[in-house]
Amino acid sequence: MTRNLILGTGLSSLVVLAALVSFIWTPFDHTAMDIPAKLQQPNGTHWLGTDHFGRDIFSMIMVGARTSIAVALVAVGIGMGLGVPLGLAAAANKGSWLDEIIMRGNDLVFAFPSLVIAILITAIFGAGAINAIAAIGIFNIPVFARITRGAALSLWEREFILAARVAGKGAARISGEHILPNIANLLIVQGTIQFSLGILAEAGLSYVGLGAQPPTPSWGRMLADAQTMVSFAPHLALIPGSAIVITVLGLNLMGDGLRDWLDPKLRLAR
Amino acid sequence: MLRYALKRGFSLIISLAVASLVIFFVIEIAPGDPASFMLGINAEPDTVAALRAELGLDQGKLQRYLAWVGGMLQGDFGMSYTYRTPVAGMIADRMWVSLPLALYALALSTLIAFPAGIYAAARRGKAGDMAVMGATQLGVAVPNFWFAMILVLVFAINLRWFGAGGFAGWDDGLGTALHSLTLPAIALALPQAAILARVMRSALLDILGEDFMRTARAKGLTRRQALWRHGLRNAMIPVLTIIGLQFSFLLAGAIIIEQVFFLPGLGRLVFQAISSRDLIVVESVVMILVFAVITVNFLVDLAYALVDPRLRSRT
């Protein structure tokens, strides 16, 4: 195990743990307002201080982790669930009209940054966490489709695939039984990267009001609330931002570490 | 080269046409009739009908799509539902904030990333490399809008070197305008610079192991000469790809950063339009953004072909 992998897994686990524990316990009710105790600096009672309504920031960060992780995880699920089969199908039918349609479709979706997709969805359905999931998820589809197709294409040239074809297996079965297990490592690494990008995207969308709506706590909206108070209560901005940085840093380090660990060739190449 | 450019140009037009279709019909799904929305719930049915006719909403979908695209080609984006002014003018005004901001950030990002990436690659495995890579790891993890808030806190509120927000406009001279765009541009650029520096470093490291680099060294070039004359040009392909991709991230990112600095750019326009259901503005801004992404990717493809002649024949 590399140092990156250990550090990254540690940081990510910390955030996941905070999110899971928040289901059964938080120091305070994250929605409970306590105006007399508003804008406190971190102290013994409120470990990370309180916001302008006197809500406990530590509790909000814990529950906010839930939102971030849920949105990013489902978005990666959408991207993988649709992108990987599309990529496999395109590779199995290389050069055919199916390949062409899938890849051109990918290019088209790629031209819509997730923020633009979110703007479109919000214009139609209004803001909400589901929109953020859909926007980031749709953006992930071509990412996974491209990487799957690229990796699968080189595998299709290999002899063990030829052997499988000689044995009479169809393209779909070969894709599922031989190609997919061989590109799983790559997909796991990409999944980690997209997960961390998803956390960032979710924070950005909630910050501009296109993501999770009150009372669902989210790190991005905590930052939006903090903006006008940053001059006299900087901790309101510093804490949620640090939570995002720690999570994304952890996931990126984990992704890098996983890549090195799963692929010994890369370890030497570095 | 010309044939390649024409071929790519043709697919550019197809992509733009399909993207415009998607945007138009997605906005079509949006509930609510703009005419009734503009006139309020107490409007007489024939007033609404008259306004619908005036806005062209009584025509068929295909007809309206063609009118929309035809209008855009002539620079006419239609009338804003809420402001009753031409959308093209509104967008043009805002574009003068968002586009320079994105370009400023792109320039900064490249200026930071190139030296950092080259430095790290040249000192691979040494302390300097580790420091640059550590910094980029952190840079990639920082949300740009949060970084923007920190910049405001430090450089605007505490040090008072910059204003905390707002835009001076271009009338007071280039210096004043750029000054008010500097903090936003830094906030946008740094996370992108981190990505670009990593790409630059790994592209150079890939190249350094190539046979032609060994040949260059064998014929007497120093390591540095070989890197400058042969390495950089070959490393430009992946770097150009990322710069192309980054431009769209920067333009989209500019929309978010504008919110931090209260800049009157496309971001402010589109968020106001969403809340006032001014769908024609949303539609047009989205089309402009997608147009920018597709066109930049087209230009990047052309730039590839210029850098690497092999690519001209391949497609």
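Because only heavy atoms are used, hydrogens play no part in the values below, and waters and symmetry mates are left out as well, while side chains stay in. Here is how names work: the chains are called A, B, and so on, in the same order as the sequence lines, proteins then strands, and each is numbered from 1. All values reported here derive from a predicted model rather than from experimental measurement.
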Quiz prompt | Audit row: B:L289, A:F112, side-chain contact (heavy atoms from CB on, under 4.5 Å) steps and yes/no | solution = CA-CA 8 Å; B:L289 290 173; A:F112 290 74; over 6 Å; no
So does [X] have more than 12 non-hydrogen atoms from other groups sitting under 6.0 Å from [atom1]?
X	atom1	answer
A:F232	CZ	yes
B:F291	CZ	no
A:I101	CD1	yes

Quiz prompt | side-chain contact (heavy atoms from CB on, under 4.5 Å) between A:L238 and B:I150, intermediate numbers included | solution = CA-CA 8 Å; A:L238 291 175; B:I150 305 284; 3.3 Å; yes
Exercise. Give a yes or no on whether the backbone of A:L223 and the side-chain of B:W146 come within a donor-acceptor separation of less than 3.5 Å.
Key: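 Flag not set: sc B:W146 to bb A:L223 has no pair under 3.5 Å.
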Self-check item: Test item: A:Q227 side-chain N/O and B:V260 main-chain N/O as donor-acceptor pair under 3.5 Å
Solution: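 Answer holds: yes.
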Quiz item: Are A:P113 and B:V293 side-chain neighbours, meaning at least one heavy-atom pair lies under 4.5 Å?
Solution: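 A:P113 vs B:V293: side chains touch.
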Please look at [X] and chain B and tell me whether the side chain, the backbone, both or neither of the residue comes under 4.5 angstrom of a heavy atom of that chain.
X	value
A:S242	both
A:L115	side chain
A:S231	both

Quiz prompt | Residue B:V270 versus chain A: region with a heavy atom under 4.5 Å | solution =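 Side chain of B:V270 only, per the 4.5 Å heavy-atom cut-off to chain A.
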Quiz item: Taking every heavy-atom pair that is under 4.5 Å apart, which of B:D206, B:I256, B:I157 has the most such pairs with chain A?
Solution: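 The residue among B:D206, B:I256, B:I157 with the greatest pair count is B:I256.
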Exercise. Quick one: which of B:V290, B:I294, B:N297 has the most heavy-atom pairs under 4.5 Å with chain A, could you say?
Key: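 Most pairs with chain A among the choices: B:V290.
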Nearest heavy atoms of [X] and [Y], plus distance in Å:
X	Y	result
B:S15	A:L108	O-CD1, 4.1 Å
A:I244	B:P143	CG2-CG, 3.5 Å
A:I119	B:V286	CG2-CG2, 4.1 Å
A:A237	B:M149	CB-CE, 3.8 Å
A:L120	B:V26	CD2-CG1, 4.2 Å

Quiz item: Are side-chain N/O atoms of B:Q137 and A:D256 paired as donor and acceptor at under 3.5 Å?
Solution: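 There is such a pair (donor and acceptor under 3.5 Å, judged by atom type) between the side chains of B:Q137 and A:D256.
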Self-check item: Distance (rounded to the nearest 0.5 Å) between A:N252 CG and B:L138 CG
Solution: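 The CG atom of B:L138 is 10.5 Å from CG of A:N252, to the nearest 0.5 Å.
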Quiz item: B:I274 and A:L210: side-chain contact (heavy atoms from CB on, under 4.5 Å), yes or no, with the steps?
Solution: CA-CA 10 Å; B:I274 288 178; A:L210 300 181; 4.3 Å; yes
Quiz prompt | Contact residues of residues 276-285 of chain B (partner chain A; heavy-atom separation under 4.5 angstrom) | solution =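 If one takes a 4.5 Å heavy-atom cut-off, the residues of residues 276-285 of chain B near chain A are B:R277, B:L279, B:V282.
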